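Report on one structure; see the data block that follows.
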Protein chains: 2
Amino acid sequence: MIRKTAGGPSTAVRRAAPSIRDVAAAAGVSYQTVSRVLNGSPSVRADTRTAVLEAIETMGFRPNRSARALGLGRARAVTVVTSDTMLYGYASTLQGIEEAARAAGFAVGVRVIESDSADDVRQAADYVADPSAGAVVVIAFDPAGAKVLAALDDDVPAVAAIEASGRRDTGRVVICLDERVAAAQATEHLLALGHRTVHHVAIPSEDGSSGRQAGWRDALVRAGAPIPAVVPAGWDMAAAYAAGRRLAEDPLVTAVLCGNDDLALGVRRALYEQGRDVPGEVSVVGFDDIPGSAYWTPALTTVRMDFTGLGRACFEAAVAQLAGGPQPEVSLTAPCLVVRESTAPPRTKP
Amino acid sequence: MIRKTAGGPSTAVRRAAPSIRDVAAAAGVSYQTVSRVLNGSPSVRADTRTAVLEAIETMGFRPNRSARALGLGRARAVTVVTSDTMLYGYASTLQGIEEAARAAGFAVGVRVIESDSADDVRQAADYVADPSAGAVVVIAFDPAGAKVLAALDDDVPAVAAIEASGRRDTGRVVICLDERVAAAQATEHLLALGHRTVHHVAIPSEDGSSGRQAGWRDALVRAGAPIPAVVPAGWDMAAAYAAGRRLAEDPLVTAVLCGNDDLALGVRRALYEQGRDVPGEVSVVGFDDIPGSAYWTPALTTVRMDFTGLGRACFEAAVAQLAGGPQPEVSLTAPCLVVRESTAPPRTKP
DNA sequence: CACGCTATCGTGACCGGTCACACGCGCTCG
DNA sequence: CGAGCGCGTGTGACCGGTCACGATAGCGTG
């Protein structure tokens, strides 16, 4: 399993890394000049600059980010606070942040929130209170994230990525995907197909009403359709599967909107095991458009979310806040319904 | 989309964060004593310690990680170098590292490798040459990761997570999941079911022979079965789908081992569209056991990999290397085949 | 009572960058 | 021809922790 090193790094003499003063000595200039070259200052003569660059190259000099952060008072970094790194929405948002950060020369850190307990929330908030954390993006799709956001000191340059519900304003910059209208759109799609109503298997949310859930309810009340009790399923496919079993037994359910694609997979499997055809007997739609959903059998009707764009926008906003500048304009591609094979008119009109 | 803040952080007077000297003054001790308390030094009287702790609490003091890293010469951090953050294997490994790092009080950074071009590889290697990066784990499942590993300076405390093929020794500590025997096991499962041979749709690998591919070949030669050309499919489900279309047209293919579960999804879909029943007409097995695969229809036979454990082990090893200590013993749970519904005996014995 | 030892604590220098400022130089301008 | 200015560059102090060392107090011992 593990292969020991023969004469690896630990035994090697660790020569001290060169600092800007070493480079300066080699180039015959002062350390400040090296610093200027490093920072692209215009007031350095061209030949001086090349001499310094050459010394940097030959000595293999790498600037020390810690020292720079210390001198600057803040780090050129962004740290992402999230309660999960693997769920599709979170991971894609993180990816968007990372891409933007790398392009801007920012380091990226990740701090996951263990749980939404007061203790864990405080630890996460403390963690990013350190200026070494740089700009902060908290992914507040869930209660844990929202709590951390609320627990943050006013002076930490943080922005939040949230879903679109009518969350009360916290006095912070927040950027959101407007999934509420998308959820309504998905629900209306089902209703338009002729379904009497649509059931909802929900992901966790702060006060039981995520943007997804709110949009679903919006569409139902607008259509005057009955509003079934929402079925909470956490993030867990197993829970969704269990919920699906129960739903499958009720001949009245012919359409179900799931809080995300994973949950859709769970209920679709439950339906399958009960011999309920999708979309023949019951239609199911997901949320997120995870990469696999187009390849399922049947391919999943779902709503596509621009998490990566959200991440990028969050990074830009967080950096702007760190710099004290004005907030940049953001333009996200709005969520949109992708109709595939898992939705159809109900077999028997009730 | 974006909600501006009213009197947010940018306008707030940013009071200077207290330093250990401020805390020392408040507690009536020297800054060194505060440092000692922070580091859990035993040679501090109990009442002095509580006084300092109290001052820390009331002033809201948070130690500055950059300053600490600078003084120490290295950061209490680990940075993960990877070419992807969303693919299941990578994301789970990252998760394992993160969990272990958080438990140990280490910060975690992520640096993704844009491509395996010489330029991008060099940039990634340079990035982690900085002592601020702390310990380094490079996820070397693919060519890009392997190249970065090779490009690393000898004195950066890095370990690599790799797959189990007979990769030549680089003089570094590497930790691997032994997926080669697991791939052989999966292939043998198919063979034992009565299939004449097994086709392979492959993920990218450095020299065209990943551990998965090697194990597959091992089993085939041991069984004296014909060895079909491997079908490369990148990481892309669309490519796997295309490969599946071609495979579906050949009546001789009755079993296919896929490089990962995503690829399995793609070929399964292609098979479905061609009316080839799984597992009735062709068996398919995946690799990784992603969370959804148990809920597919049919549920996927696949091999479960302990990526999280791999990540944890990598963290421990990297920290040991950072500290110059001996390498810890690692015990990973070996990959194992999970037989579900997507494999069965061939319908017609050839 | 002098001595040494330990426990506890404080002082100075340092890590590797940054900032603010001063300085020398050549030029323009009154 | 000297004052003023801008360019290019160097010096000192500083960021907030760390280390190495020294100082002091309290104690036991011969």
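Below, chain A is the first sequence line, B the second, and so on; all start at residue 1. Everything numeric in this text was worked out from a predicted model, so none of it was measured.
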Could you list the donor-acceptor pairs under 3.5 angstrom formed between side-chain atoms of residues 63-79 of chain B and any protein atom two or more places apart in sequence or on another chain?
| from | atom 1 | to | atom 2 | distance (Å) |
| --- | --- | --- | --- | --- |
| B/Asn64 | OD1 | A/Ser132 | OG | 3.1 |
| B/Asn64 | OD1 | B/Ser66 | N | 2.8 |
| B/Asn64 | OD1 | B/Ala67 | N | 3.0 |
| B/Arg65 | NH1 | A/Tyr127 | O | 3.3 |
| B/Arg65 | NH2 | A/Tyr127 | O | 3.2 |
| B/Ser66 | OG | A/Ser132 | OG | 2.9 |
| B/Arg76 | NH2 | B/Ala104 | O | 2.8 |

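Looking at B/Leu94 and B/Thr82, their side chains never come closer than 4.5 Å, going by heavy atoms from C-beta outward. In this structure, the side chains of A/Asp142 and A/Tyr90 come closer than 4.5 Å at one or more pairs of heavy atoms.
Remark: P of D/dC19 and CG of B/Leu38 are 12 Å apart, rounded to the nearest angstrom. A/Arg45 places its CZ atom 13 Å from the P atom of C/dC25, with the value rounded to the nearest Å. Going from atom CZ of A/Arg36 over to atom P of C/dG17 covers 15 Å, rounded to whole Å.
Partners of A/Ile113 by side-chain contact (heavy atoms from CB on, under 4.5 Å), not counting sequence neighbours, listed by chain and number: A/Val81, A/Ser83, A/Ala124, A/Ala144, A/Val148. For B/Val29, the side-chain contact (heavy atoms from CB on, under 4.5 Å) test picks out B/Ala24, B/Ala27, B/Thr33, B/Val34, B/Thr48, B/Val52, with sequence neighbours left out. For B/Ser19, the side-chain contact (heavy atoms from CB on, under 4.5 Å) criterion is met by B/Arg21, B/Asp22, not counting sequence neighbours. With sequence neighbours excluded, the residues satisfying side-chain contact (heavy atoms from CB on, under 4.5 Å) with A/Ala100 are A/Arg312, A/Phe315, A/Glu316.
Although no hydrogens or angles enter the test, the distance criterion places a donor-acceptor pair under 3.5 Å between the side chain of B/Gln321 and the main chain of B/Ala158. In this structure, the side chain of B/Thr93 engages the main chain of B/Gly89 through a donor-acceptor pair within 3.5 Å. B/Asp84 places a side-chain N or O within 3.5 Å of a backbone atom of B/Leu87 that can act as its donor or acceptor partner.
Checking C/dT8, D/dG10, C/dG10 against the side-chain heavy atoms of A/Val29 singles out D/dG10 as nearest. The nucleotide whose nearest atom lies closest to any side-chain atom of A/Thr33 is, among D/dG10, C/dT8, D/dT18, D/dG10.
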Within the sub-3.5 Å range, which N or O atoms of nucleotides 12-16 of chain C have a protein N or O partner, and how far apart are they?
| from | atom 1 | to | atom 2 | distance (Å) |
| --- | --- | --- | --- | --- |
| C/dG12 | N7 | B/Tyr31 | OH | 2.7 |
| C/dG12 | O6 | B/Tyr31 | OH | 3.2 |

Name the pairs: protein N/O against N/O of nucleotides 23-27 of chain D, kept only if under 3.5 Å.
none

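For residues 110-121 of chain A, the set of pairs meeting the salt bridge (charged side-chain N to carboxylate O under 4.0 Å, His left out) definition, not counting sequence neighbours, comprises A/Glu114-B/Arg102, A/Asp116-A/Lys147. Within the structure, salt bridge (charged side-chain N to carboxylate O under 4.0 Å, His left out) contacts touching residues 40-56 of chain A (residues at least two apart or in different chains) are A/Arg45-A/Asp47. For residues 23-39 of chain B, no pair satisfies salt bridge (charged side-chain N to carboxylate O under 4.0 Å, His left out), with sequence neighbours left out.
For residues 47-60 of chain B, proximity to DNA chain D is found at no residue, defined as any non-hydrogen atom under 4.0 angstrom from a strand atom.
Phosphate proximity of C/dT8 to B/Ser43: absent, as no side-chain N or O sits under 4.0 Å from OP1 or OP2.
Across the helix from C/dC1-D/dG30 to C/dG30-D/dC1, the helix axis at one end is tilted relative to the axis at the other end by 60° (nearest 10 degrees, each axis from five pairs).
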